[in-house]
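I have placed the structure first, in the form of structure tokens, so that the comments after it can refer back to it.
Just so it is clear, the values below take in all heavy atoms, side chains as well, and ignore hydrogens, waters and symmetry mates. Here, residue 1 is the first one in the sequence, and each next residue gets the next number. From a predicted model like this one, the values you see are computed outputs, not experimental measurements.
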Amino acid sequence: MTRTHHTAPTFQLRLAMARDVVIGPGKADLLEAIEGTGSISAAGRALNMSYKKAWQLIDTMNGHFPTPLVITQSGGSDRGGARLTELGQTVLAHYRALERQLAPEHSSDARALLALLDDRA
């Protein structure tokens with residue numbers, strides 16, 4: 001059972017390994033928010049997510065790839081922050097491309113599966 005509520009049927013892409021979701025919708029949104037804000041705290045705030053939760057998600061993602069997807073730097077004159085590595089940008093781009101390919105407007109299989117749903121559910 002999913003922890004989110006959907007008013008309409010939707011597909012959600014998740015890459016799982018062992019007991020972890022390596023990347024899914026929430027983690028992809030977090031990567032995009034970090035890319036846009038340059039900050040883990042700001043990204044978390046934008047997604048209504050605690051800093052601790054954001055770090056847990058980043059740690060899970062970083063642990064499943066040969067090099068980190070997100071790196072941070074401490075304050076100083078550049079004010080610190082976080083950014084996606086080249087690998088992080090690549091992973092996010094591939095994830096979003098797969099989402100687009102599986103979207104009902106682009107996938108006859110997705111449309112067919114949705115057509116088989118019982119409207120009473």
Side-chain angles (χ1 to χ4, degrees):
M1 177 176 214
T2 183
R3 287 183 246 169
T4 56
H5 175 74
H6 300 282
T7 56
T10 183
F11 290 97
Q12 291 186 330
L13 178 65
R14 285 178 171 75
L15 172 60
M17 184 173 180
R19 293 185 167 181
D20 294 328
V21 173
V22 176
I23 188 165
K27 288 177 179 150
D29 291 346
L30 178 60
L31 291 177
E32 281 183 339
I34 290 168
E35 184 78 349
T37 64
S39 161
I40 293 169
S41 351
R45 280 191 304 274
L47 298 171
N48 295 317
M49 179 185 301
S50 72
Y51 181 79
K52 180 180 178 182
K53 180 65 177 178
W55 255 116
Q56 289 171 337
L57 298 178
I58 292 165
D59 191 48
T60 297
M61 288 185 284
N62 283 348
H64 283 283
F65 290 94
T67 60
L69 304 187
V70 176
I71 56 171
T72 60
Q73 62 185 45
S74 300
S77 60
D78 292 332
R79 298 186 51 212
R83 68 176 180 82
L84 298 189
T85 62
E86 186 176 330
L87 179 60
Q89 293 170 347
T90 300
V91 166
L92 180 60
H94 285 302
Y95 179 85
R96 292 302 190 204
L98 279 169
E99 276 188 322
R100 286 188 300 276
Q101 290 172 29
L102 296 172
E105 57 270 19
H106 300 292
S107 168
S108 59
D109 288 320
R111 286 191 302 276
L113 185 57
L114 290 172
L116 296 172
L117 287 175
D118 186 342
D119 291 340
R120 298 173 290 164

What closest approach, in Å, do F11 and L102 show between heavy atoms, and which atom pair accounts for it? CD1-O, 4.4 Å
ILVMFWY cluster, L31 and Y51 together (side-chain gap under 4.5 Å): yes
Find out if a path of hydrophobic residues (ILVMFWY) with successive side-chain heavy-atom gaps under 4.5 Å connects L15 to L98. yes
Nearest heavy-atom approach of A110 to P104 is CB-CA, 3.8 Å
Would you name the heavy atoms of Q12 and P25 that are closest together and state the gap between them? CB-CG, 4.0 Å
For N62 against L69, the heavy-atom pair lying closest together: OD1-N, 2.6 Å
Polar side-chain atom of Y95 near backbone of L13 as donor-acceptor pair, under 3.5 Å: yes
Taking all non-hydrogen atoms of both residues, which atom of A28 and which atom of L92 are closest, and how far apart? O-CD1, 3.6 Å
If you take all heavy atoms of R100 and H106, which pair is closest and at what distance? O-CD2, 3.1 Å
Crowding at CD, E86 (>12 non-hydrogen neighbours, <6.0 Å): no
Between D29 and R96, is there a salt bridge with N-O shorter than 4.0 Å? yes
hydrophobic_cluster_shared for L87 and L30, side chain cutoff 4.5 Å: yes
